[in-house]
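Data block below; observations after.
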Amino acid sequence: MVRNFPPEFVVRVDREACINCLRCVRECPFGVHEYDREKKLWKRHHEKCVACLRCAYMCPVQAISIERSPMEYAPHPVWTNRVRKDIKTQAETGAVILTAMGNELPYVSYFDRLVLDACQVTNPSIDPLREPMELRTYIGRKPEKVELEEDNGVRLKTKIAPNLKLETPIMFAHMSYGSISIEAHLSMARAAKEVGTYMGTGEGGMHVELYPYADHIITQVASGRFAVHEEYLKRGAAIEIKIGQGAKPGIGGHLPGKKVTEEISRTRMIPEGSDAISPAPHHDIYSIEDLARLIYALKEATRYKKPVFVKIAAVHNVAPIAVGIIRAGADAVVIDGFRAGTGAAPQVHRDHHGIPIEAAIASVDRRLREEGIRHWGSIIASGGIRSSADVAKAIALGADAVYIGTAALIALGCTVCKKCYTGKCAWGIATQDPELRKRLDPEEGARRAANLLRAWSHELKEILGALGLNSIESLRSNRDRLRGVGLTEPELRVLGVKPAGE
Amino acid sequence: MEIPLRKAKVSREGEFVVVDAKGVHYRELNEVINELVEKGERKLRLINVNGQRYIADGLRCDCYIEIHGVAGDDLAAFANGPTVVVFGDVQDGAGNTMNAGRIIVHGHGTDIIGHSMRGGKIFVRGHVGYRVGIHMKEYREQVPVLVIGGTAGDFLGEYMAGGRIVVLGLERLETYPEIAGEWLATGIHGGAIYLRDEVDEDRLGYGAKVEKLTHDDRRFLEAEVGEFCSIFSLNPEEVLNAEFTKVVPKSHRPFADMYSDAKEG
Ligand code: SF4
Ligand code: SF4
């Protein structure tokens, strides 16, 4: 049967400019450019191109451009090109379609339908250049009230639970060593330490090269329990129990054995070459009571010195679940929205499960307040945070801080080609290939990742100034400073914001 | 009703430090244990233990802890080295994600015993409940061993990635006489389970198969079951002189063909 499968991209090469240096052949990890030295003939395998743009930027004479293929199936609004291609792929393979990065379906973005307020005349804005602006955020349980003791000066009597101190309310999300390279991990770890924030290890353990940054690293305990070890738990700054993730709510994960190299095996503490399977649930957690048991097992193992977070995907009943998590003893609940990125997920799960992070933050924050336990734990939001504006809106909806994953990788050079699961990332990020890894210099990566945090932090200060606020705390859950544009009544109700003009 | 909590009473009996756990909250009890271990005590006897959780949780030491009573959930979870001997039963999660050490249980165990354990040994004289040995793993020279004298409930060794489980079935339950429950070894992709009985292949979960015992398997059983018998005063020849079934994974990559990219090459 004829394989009638048009390529997504075409590689155009300016033959006059091309100097036959073969650089593109070496640069493309997907085998698109092929040169027959004997016949002196070029062949481009357009169907393999993923538009990572590596070759185009490495070509010394800029002879290459990557374009969307003009050849497509006849237009049809329901049977889109993607639908037709997916069906053909599955007809060929009989298998689940794997993909990477975040949800691609055109759901409405609430962030893009929320606008921030600004001061005019009656309440002057604040100039962050003139007045101090506080972005410092503490993540963890806050006391009911603070008691002081007076003898020879004033002393704090209340015992404060361990909190993480963030200089800016933005952290690097959990992406495992294995799904991304050690260079990518190192870049984020250094940036986190430099800026005074944290990064997550993901469930792949902590590589020894990260030990110097361990006080700025949050370790993860996921259902596979890879690398989970008493020293690992004690080494990090906080521990996160991963129940679910926004890119694939409700399902587990498999790191294929071929990706479990010697070094990955050492960090995860599993045999080389065997599949690393994370079951869908933690098999010791089938209830909130079981979750409480694990939370306290981790607190006991670390002598109550580390905050313990619990991460869930934003799903329909996120509010009562989050309340249960906080009541179970978690110091923070991490909510991962349906736009969250991933290194590998079945497309059907990535695109069709979960709810928008904006709605989840608002309902969790509201529910915790209604129950009078908002101070018991922090809310960390993640999944599709693209800019300082998204950070500000997430905080105004009720989050304490955010995690950024995809945005951090883009800062390191990722072009969102969605091929992370192949392990062939052309930019040295989602790969373990020693040659490809050389493409990311952790020094430069750290600089860029730190720059992104600084730029966003600066913008956050400006946003606060425009709102007439001088601390990020005053923005938290301050939904009155948001208005909705083009949102329906029920949507406004869930988000807890008024329509623009009201 | 608030139950008045007590301070743990600590005394000395020969080479043992004795801690009376009666009415003591687990947090206080474990603090006392940790302090004693930090001070260099190596032999602890906990008496009147009545379900206190997390004993020896995350403990890194080569100490010996005796427990008289019922040990609560997550006994020796994340532990790294201690030997814990329980003269009584253990509750859920004994040895959960343990890295090294030994747990010896003279009574029964409930659910998720040895969950995700990576190293060390657990010997349970009696029966165990559901989900035991789920996702047990191994790493280099660390090969965890779990030996059960009685029977095991459903989901034994599910998702097992390494290690060895032995079920002896010396006593059977009247209500369920099988040596192990349903969904045995579902999703297993490493390690092996030895059952001292005949087990039909169609009772196994997805991804598991029965394999013939080799000489090495026999030697392994002689060593581990031998040790089990000497701890619990059983006759090893009698116990070993029986038919064993060995359950292993069909593949170390059970999901290799699940995704379209793998098939494309
Ligand atoms: S996959 Fe990337 S490197 Fe290869 S041809 Fe396409 S754009 Fe160039
Ligand atoms: S990390 Fe690499 S493979 Fe993944 S989307 Fe970005 S550029 Fe592509």
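In this text, all values refer to a predicted model and were calculated from it rather than measured experimentally. Proteins get letters first, then strands, A, B, ... in listed order; numbering begins at 1 in each.
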Residue pair [X] / [Y]: nearest heavy atoms and the distance that separates them:
X	Y	result
A:A297	B:D57	O-OD2, 2.5 Å
B:R118	A:V228	NH2-O, 2.6 Å
B:S116	A:G224	OG-O, 4.0 Å

CA sep, side-chain torsions, deciding dist, call: B:K137, A:F226, side-chain contact (heavy atoms from CB on, under 4.5 Å): CA-CA 9 Å; B:K137 2 174 117 37; A:F226 301 120; 4.1 Å; yes

Largest heavy-atom contact set with chain B, pairs under 4.5 Å, which of [options]:
options	value
A:L294, A:I270, A:T302, A:D290	A:I270
A:P346, A:P256, A:A276	A:P256
A:S223, A:G273, A:S265, A:S274	A:S265

Using a 6.0 Å distance limit plus a 45 degree cone around the ring axis, check whether B:R27 lies over the aromatic ring of A:Y304.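 Pair B:R27/A:Y304 counts as cation-pi.
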
Answer yes or no on whether A:R293 is positioned over the face of B:Y54, meaning its NZ or CZ is under 6.0 Å from the six-membered ring centre and within 45° of the axis.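 Not satisfied by the 6.0 Å and 45° rule.
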
State whether the side chain of B:R131 and the backbone N or O of A:H283 hold a donor-acceptor pair below 3.5 Å, judged by distance alone.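 Yes; at least one donor-acceptor contact below 3.5 Å.
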
Distance-only, no hydrogens or angles: does the B:H135 side chain make a donor-acceptor pair with backbone N or O of A:I277 under 3.5 Å?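 Such a contact is found between B:H135 side chain and A:I277 backbone.
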
Pair A:E300, B:R53 - check side-chain contact (heavy atoms from CB on, under 4.5 Å), show working. CA-CA 10 Å; A:E300 282 279 334; B:R53 292 181 165 193; over 6 Å; no

Value rounded to 0.5 Å, distance of [atom1] in [X] from [atom2] in [Y]:
X	Y	atom1	atom2	answer
A:D284	B:D92	CG	CG	9.5 Å
B:H189	A:H254	NE2	NE2	9.0 Å
A:H282	B:T97	NE2	OG1	10.0 Å
A:Y296	B:N30	OH	CG	14.0 Å

The test is side-chain contact (heavy atoms from CB on, under 4.5 Å); show your working for A:E230 and B:L59 and say whether it passes. CA-CA 8 Å; A:E230 133 305 299; B:L59 203 61; over 6 Å; no

Contact origin within [X] toward chain B - heavy atom pairs under 4.5 Å:
X	result
A:Y232	neither
A:E272	neither
A:K299	neither

Is the A:H229 to B:F78 ring centre distance short of 6.0 Å?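 No, the ring of A:H229 stays outside the 6.0 Å limit from the ring of B:F78, centre to centre.
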
Is chain A contacted by the side chain of B:N34, its backbone, both, or neither, given a heavy-atom distance below 4.5 Å?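 The side chain, not the backbone.
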
For chain A, which candidate among B:Q142, B:E158, B:H115 shows the most heavy-atom pairs at distances under 4.5 Å?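 Sorted descending by pairs with chain A, the first entry is B:H115.
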
Give a yes or no on whether B:Y130 atom OH has more than 12 heavy-atom contacts from other residues, nucleotides or ligands under 6.0 Å away.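 Open.
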
Heavy-atom side-chain proximity of B:R140 to A:M269 below 4.5 angstrom: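 A side-chain contact is absent here, since even the closest heavy-atom pair is not under 4.5 Å.
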
If the threshold is 4.0 Å, N to carboxylate O, is there a salt bridge linking A:R303 and B:E31?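 A salt bridge is absent here (no side-chain N lies under 4.0 Å from a carboxylate O).
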
